[in-house]
Amino acid sequence: MPPAELDAWSLLLVYSAMAVYTLAFVAYAVDVARRSAATAVPEEARELVGAGASGAPATGAPARPTASAPATAPAGRPGRGARIGFALIVIAWALHLGGAVMRGLAAGRVPWANMYEFALTGVAVIVGVFVLSRLWRDLNFLGVFISGLATVFLGVATVNFYVTPTPLPPALQSYWLVIHVFVATLATGFFALGSGLSVLQLIKERRSSGFLRALPSTVQLEDLAYRVGVIGFIFWTFTLIAGAIWAEHAWGRYWGWDTKEVWTFVIWVIYAGYIHARATRGWRGSRSAWLQLVGFAAIIFNYSVVNLFFKGLHAYSGL
Amino acid sequence: MSPSSDPLRPGDHVDSAAAPSQPPLGVRGWARFLWRQLTSMRTAIVLLLLLAVAAIPGSLVPQESSDPNGVIQVRADNPELVWLYDALSLHDVYSSPWFSAIYILLFTSLVGCVVPRLAHHWKAMRAKPPRTPARLSRLVGFQTVPGDASDLDRAERVLRRLGYRTARYGESVSAERGYLRETGNLLFHISMLGLLLVIGLGSGFGYDGQRLLVEGRGFANTLSSYDSFSSGQWFDEGSLEPFAVVLDDLEVEYETENRDAIGAPLDFTALVSVTEDGAERDAQIKVNEPLGVAGADLYLISNGYAPRVSVRDASGEVVYDQYTPFLAQDDAMTSLGVIKLPDGLEEQLGLRGFFYPTAVPLDTGALASAYPDLANPVLSLQAFAGDLGLDAGIPRSVYALETDEMTQIAGGDSGTDALTLAPGQTIDIPGGLGTITFEDVRRYGVIEVHVDHTQTPVFWITVLLFASLLASLLVPRRRMWVKAVGDGRLELAGLARGEDPTLERAVDDLARRLVDEGSAARGDDAPAATDAVGATAGEARPAGPTDRPRE
């Protein structure tokens, strides 16, 4: 198949993946809404019963779940919506991976050499970390976050950053492209998961009703976020080191405070602060969760604003 | 870093409630108080975050080190802000006093933290595991397995095999493992310090020089050979390695097939001859493949075209014949250059214009380059006659033409067309000054010679840093106890020291091993023994490993 055709197939797969991610998001969102409703109903029902004399016909339907829902849907067990959501997200991920592989074949190299491809592969890694974490632990309660994030990021990337596959500029022709950039996407994947957990932790700290009751405790969420964040930090440290070695080969110095280097450093320091915060009284809990979110915001900033608007040597957006 | 209250706690332990400290009076007391504050973990976190914030301006304002042209541009565009840039060292953020202050404080805090912990860890490494607590039932993973005091030897063996250090206290075994976690933690912070010192000191001996070479030309590694040169503060000119480099050929390859990327560069290769220790050898430099010569690294950092122009005076005598490097302005290698003739003609002559490697006419009649390789090379020059301003003693850039004291005689508003030439063509210079010939064109490459003695040590420190980071984050430090309670049961429990998500699983695992080994020792069937665990395990437990929420 000629490259242009491969790329067309890749795009088709990516669009399909986006559609299925959207469906997964809907399934997860419905699940969340249901569970919120399931716990909200008792109060509503009580009210209706209290006013029951006049509004009798209305009580039947909403009152029904009161008997069963809270008892049969205990904390932690994913609802049917969540199970459908997970199945859909796996399907979307398979399509997405297919799209990324096709893109790589079309370009005749690894599919992460410009901004569009980095998003394509990076989001696949984020979802992949989520899907594979199932083997280790059930994180399905993150489904809304992950499927929503995948839909939005892929959408933004295909609409705004898409470029046809082009050959690698000489500066990128190095095996370090495979290592450095891929490990960066891995780190991003773990940080995304960690920030999702931190968001839930912060929400749950404020409010613990509806579907939030079904989530692990804030302390468990924080522990999970930390473990995921630590793995991300290890990968990020490696990205930094590998980047420095490559820079030494390509640009003649291992560190030169290029704008991208600055932001990689900033992110590293924020996460280092986060890891220290977890071991310090007064910084555990919501403060460290906020730090994790600040770190992830810096990653998004580094990917978007620094790539597009800052002048520097990492000028590989392809745009 | 340093726990503020109790140096005997591992670093990643949550600080226990700090005793209300009353800073004692007096200078010493205050110094001590401030030192404690500085080396506290909270201060370290604040300094880390401050460092992150302080690094940001360096990505917003062009830096002298990474973007010198940007610095010039920004200062020219915002003359009213120049004082602010200078007052805050905004063009040298990473060597500015305020940035340095933050990282020096951070590293001081680090030292103040690592040193006491080194001492403590040294003692801990040589100490026996601590006494067995009275009530194991309050600890993580508490459970019981069948056994009595005679099984403790076996328990100790199992624990040792699992990497624990053990000690016997009465009818119990106390065990601890994961000292590597703190070792890694300390080594990580020491390597950070090492990195800072090596870079700070080592870079003072290095240098960095750039030299533009037209194909066929060469240079020797001496200070005067370089177009630009910078060196560390302890650099000694005598340390320049004796070698010479000639650029024989610069091979460039551009994309020709992919319609979306026609003209995209695919490869740059500088073929060079290196003379070193009296011997000459051929070598090449590519973008990702620097060439090592006598301890220096040679990089190919840019390239371009150098048209050769010759000028004859009115009598036909050659007064000028040189290759002049033109600077590429875009991806199609439209290149801008200046040629100055202070002598030889009746008037001083200045030529400024573009070289188009593949010239195509635009609708406006002007030329543009459509492709970066030499398909249709054309040189188009404006000519100025008068005073080049070279005699006033003011340094002038070779890439800029000062036309204030000159009259334009070709191109622009002069009423005469620009001097447009293909290779081999000759035309008259207006005003009867003589003739100009575009002889041919060659490529040039800019070679950077870089010596950095910190490379190797920095690399190895970084390897150590990464390995110790892995140890400090991933090795669990934990204590484990096995206690014979005397009614045919052994009590087991663990205690995490720092993050330890798998502690409960580890206690379960130990229980299983004890039962398995016990049954093997007694000659029982394994399955029966496993049943026994189920029957006697302390409390009903979920099948999978779970985390016990902290209370």
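By convention in this document, chain letters (A, B, ...) are assigned in the order of the sequence lines, proteins followed by strands, and residues within each chain are numbered from 1. None of the values given here were measured: they were computed from a predicted structure.
- Heavy atoms of A/Ile231 lying under 4.5 Å from chain B are absent altogether.
- Only the side chain of B/Asp452 comes within less than 4.5 Å of a heavy atom in chain A; its backbone stays farther off.
- Neither the backbone nor the side chain of B/Tyr254 comes within contact range of chain A; no heavy atom of the residue lies under 4.5 Å from a heavy atom of that chain.
- Using a 4.5 Å cut-off on side-chain heavy atoms (C-beta onward), B/Arg42 and A/Arg281 make contact.
- Neither the backbone nor the side chain of B/Leu298 has a heavy atom closer than 4.5 Å to any heavy atom of chain A.
- Looking at B/Asp267, its side chain never comes within 3.5 Å of a backbone N or O of A/Pro170 through a donor-acceptor pair.
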Item to check | A/Leu291 and B/Leu49: CA distance, side-chain angles, deciding distance, side-chain contact (heavy atoms from CB on, under 4.5 Å) verdict | outcome: CA-CA 9 Å; A/Leu291 269 184; B/Leu49 298 180; 3.6 Å; yes
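- Interatomic distance, A/Thr259 OG1 to B/Leu60 CG, rounded to the nearest 0.5 Å: 9.5 Å.
- Comparing A/Pro165, A/Gly252, A/Ala250 by how many heavy-atom pairs each has under 4.5 Å with chain B, the most go to A/Gly252.
- Atom CG of residue B/Leu48 and atom CD1 of residue A/Ile275 lie 10.5 Å apart, to the nearest 0.5 angstrom.
- Here the closest heavy-atom approach between residue B/Asn258 and residue A/Thr166 is recorded as ND2-CA, 3.9 Å.
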Next on the checklist: Let's go through B/Ile199 and A/Tyr254 carefully: what are the C-alpha distance in whole Å and the side-chain angles of both, what is the deciding distance for side-chain contact (heavy atoms from CB on, under 4.5 Å) to 0.1 Å, and is it a yes or a no?
Outcome noted: CA-CA 11 Å; B/Ile199 293 173; A/Tyr254 49 82; 3.6 Å; yes
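- Rounded to the nearest 0.5 Å, atoms CG (B/Asp297) and NE2 (A/His249) are 9.0 Å apart.
- Salt-bridge check for A/Lys311 with B/Asp67: passed, with a basic side-chain N closer than 4.0 Å to an acidic carboxylate O.
- At least one donor-acceptor pair under 3.5 Å links the side chain of B/Tyr299 to the backbone N or O of A/Glu248.
- Note on A/Ala4, A/Pro169, A/Ala171, A/Ala244: by heavy-atom pairs under 4.5 Å with chain B, the leading option is A/Ala171.
- Proximity to chain B (any heavy atom under 4.5 Å) is restricted, for A/Trp283, to the side chain, taken from C-beta onward.
- Of the atoms belonging to B/Val458, it is side-chain heavy atoms, and not backbone ones, that fall under 4.5 Å from chain A.
- Rounded to the nearest 0.5 angstrom, A/Trp255 CH2 and B/Ser65 OG are separated by 12.0 Å.
- Among B/Pro57, B/Ser66, B/Ser59, the one residue that satisfies the side chain to side chain contact (heavy atoms under 4.5 Å, CB included) test with A/Val262 is B/Ser59.
- At distances below 3.5 Å, at least one donor-acceptor pair connects side-chain atoms of A/Gln173 with backbone N or O atoms of B/Leu266.
- Rounding to the nearest 0.5 angstrom, the gap separating the CG atom in A/Asp223 from the CD atom in B/Glu499 is 6.0 Å.
- Partners of B/His91 under the ring-ring contact (aromatic ring centres under 6.0 Å, His included) rule, at least two apart in sequence or in another chain, are B/Tyr85.
- Scanning all heavy atoms of the two residues, the minimum distance from B/Ala55 to A/Val266 falls at CB-CG2, 3.8 Å.
- A distance of 10.0 Å separates CZ of A/Phe238 from CG of B/Leu470, quoted to the nearest 0.5 Å.
- Between chain B and the residues A/Phe309, A/Trp263, A/Tyr274, A/Phe265, the largest count of heavy-atom pairs under 4.5 Å involves A/Trp263.
- Judged by distance alone, the side chain of A/His276 and the main-chain N or O of B/Ile45 form no donor-acceptor pair under 3.5 Å.
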Item to check | Stepwise side chain to side chain donor-acceptor pair (under 3.5 Å) check, A/Trp176 with B/Asn288 | outcome: CA-CA 10 Å; A/Trp176 285 109; B/Asn288 264 304; over 6 Å; no
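- Both the backbone and the side chain of B/Asp260 come within contact range of chain A, with heavy atoms under 4.5 Å apart.
- Other residues, nucleotides and ligands place no more than 12 heavy atoms under 6.0 Å from the CG atom of B/Asp331.
- When all heavy atoms are compared, the tightest approach of B/Phe466 to A/Ile234 is CE1-O, 3.5 Å.
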